[in-house]
Amino acid sequence: MSAPPSEDLVQQWESEQARLRGLVVEQDTEQWQKNPDFLGLERVGGVDLSFIKGDEVNACAQLVVLSYPQLEVLYEDSQMVALTAPYIAGFLAFRETPFLLEALKRLEKNKPELMPQVVFVDGNGLFHYREFGLACHLGVLSGLPCVGVAKNLLQVEGVYKNEEHQSQIAALQKGGDSFPLTASSGKVLGKALRSSQKSSKPVYVSVGHKIGLDTAVRLTHSCCRYRVPEPIRQADCRSREYLRVHFPAAET
DNA sequence: GCGACAG
DNA sequence: ATCTTGTCGC
């Protein structure tokens, strides 16, 4: 039911990723990031899109802003959107970014004082085929510090989900433990993090923009009540709730 | 041909 | 992403 991806489009997207890749800032740029307790950090954002079953186009774009360190929801924005780009692994940003940017724009217009100081993104940052995942894309285009948190491992640049990987996961004993995801080039592209004591399945953290990897991992851990960091979890729950309320299951 | 494939 | 309830364990 879906048209095969146009080669031209994919090449255009690759070229766009290469262009924007050079604008990523992979280090801490904010004062709060250097503080052991993130003193000065008061607002953390989370974004996500939820879909209607069997609907390729319509989705709910969600932005939430939570207080830090309390992690209570200060702001919520749900907006139905019509997606135009197809989902292609490695090009998730072209499908989702425009709507996440619009949500940030609405926030800037309506509650600028609630603009988050860092945004958690559902997906990868530098841990990506061309080192430019969704979290980098949103970071560069918004100018905000962003952290990528993926729930599943993407096999990229020499990182495999093999026995070695499984054994490294088994070695993560307590919440906060992590191990590096190292590309064949030797560069550490991200880290697998045991985000909570309970969940043995890690999350995959990588730099999006304007934050260093170790800071991103430490911050992610500090935002986890459960396996998925609270900002992303809230965005996910609330966008799904929105769909439940506004688009009841179609029966026949 | 086979496996991989963030969300 | 979504399809999907209960169930086993701490």
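Owing to the predicted nature of the structure, the values given are computational and were not obtained by experimental measurement. In what follows, every chain begins at residue 1, and chains take the letters A, B, ... in the order their sequences are listed. What you see below is based on every heavy atom in this structure, not just the backbone, and it leaves out hydrogens, waters and symmetry mates.
- In this entry the distance linking CG of L126(A) with P of dA6(B) reads 18 Å, nearest Å.
- Within 4.0 Å of K198(A), counting heavy atoms only, lies no atom of the nucleic acid at all.
- Between N152(A) and dC5(B), a side-chain N or O to OP1/OP2 separation shorter than 4.0 Å is absent.
- One atom, CG of L92(A), and another, P of dA6(B), lie 9 Å apart when rounded to the nearest Å.
- Rounding to whole angstrom units, OH of residue Y129(A) and C1' of dA4(B) are separated by 7 Å.
- Taking the C1' atoms as reference points, dG1(B) lies 40 Å from dG6(C), given to the whole Å.
- Within a 6.0 Å sphere centred on CD of E108(A), other residues, nucleotides and ligands contribute more than 12 heavy atoms.
- Between V24(A) and E131(A) there is no side-chain heavy-atom pair separated by less than 4.5 Å.
- dG7(B) atom P lies 9 Å from atom CD1 of I232(A), rounded to whole Å.
- At most 12 non-hydrogen atoms from other residues, nucleotides or ligands lie less than 6.0 angstrom from CG of L39(A).
- Nucleotides dC2(B) and dT5(C) place their C1' atoms 34 Å apart, quoted to the nearest Å.
- Taking atom CZ of residue F51(A) and atom P of nucleotide dA6(B), one finds them 13 Å apart after rounding to whole Å.
- Atom P of dC3(C) sits at a distance of 25 Å from the matching atom of dA4(B), rounded to the whole Å.
- Here, dG3(B) and dT4(C) have their P atoms 26 Å apart, quoted to the whole Å.
- Heavy atoms of I88(A) sit nowhere under 4.0 angstrom from any nucleic acid atom.
- Taking the 5' to 3' direction, DNA chain C first and last meets chain A under 4.0 angstrom from a heavy atom at dA1(C) to dC3(C).
- One can place CG of L154(A) at 7 Å from P of dC5(B), the figure rounded to the nearest angstrom.
- Within the 4.0 angstrom heavy-atom criterion, no nucleotide atom of any strand lies near G54(A).
- Taking atom NE2 on H137(A) and atom C1' on dG7(B), their separation rounds to 15 Å, with Å as the unit.
- Note on R21(A) versus E16(A): no salt bridge recorded, every NZ/NE/NH1/NH2 to OD/OE distance being 4.0 Å or above.
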query = Can you list the steps and then say if D122(A) with K151(A) is a salt bridge (Lys or Arg N to Asp or Glu O under 4.0 Å)?
reply = CA-CA 8 Å; D122(A) 198 343; K151(A) 297 181 289 297; 2.9 Å; yes

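- One interatomic measurement links the two molecules: OH of Y160(A) to P of dC5(B), which rounds to 11 Å at whole-angstrom precision.
- Contact check on K210(A) versus E26(A) returns no salt bridge, with no Lys/Arg side-chain nitrogen under 4.0 Å from an Asp/Glu carboxylate oxygen.
- Distances shorter than 4.0 Å separate some side-chain N or O of Y87(A) from OP1 or OP2 on dA6(B).
- A 6.0 Å sphere centred on CD of E163(A) holds no more than 12 heavy atoms belonging to other residues, nucleotides or ligands.
- The aromatic ring of Y204(A) does not stack onto the base of dA6(B), failing the criterion of a centre distance under 5.5 Å from the six-membered base ring together with planes under 30° apart.
- Between E102(A) and K105(A) there is no salt bridge, since no side-chain N of the basic residue sits under 4.0 Å from a carboxylate O of the acidic one.
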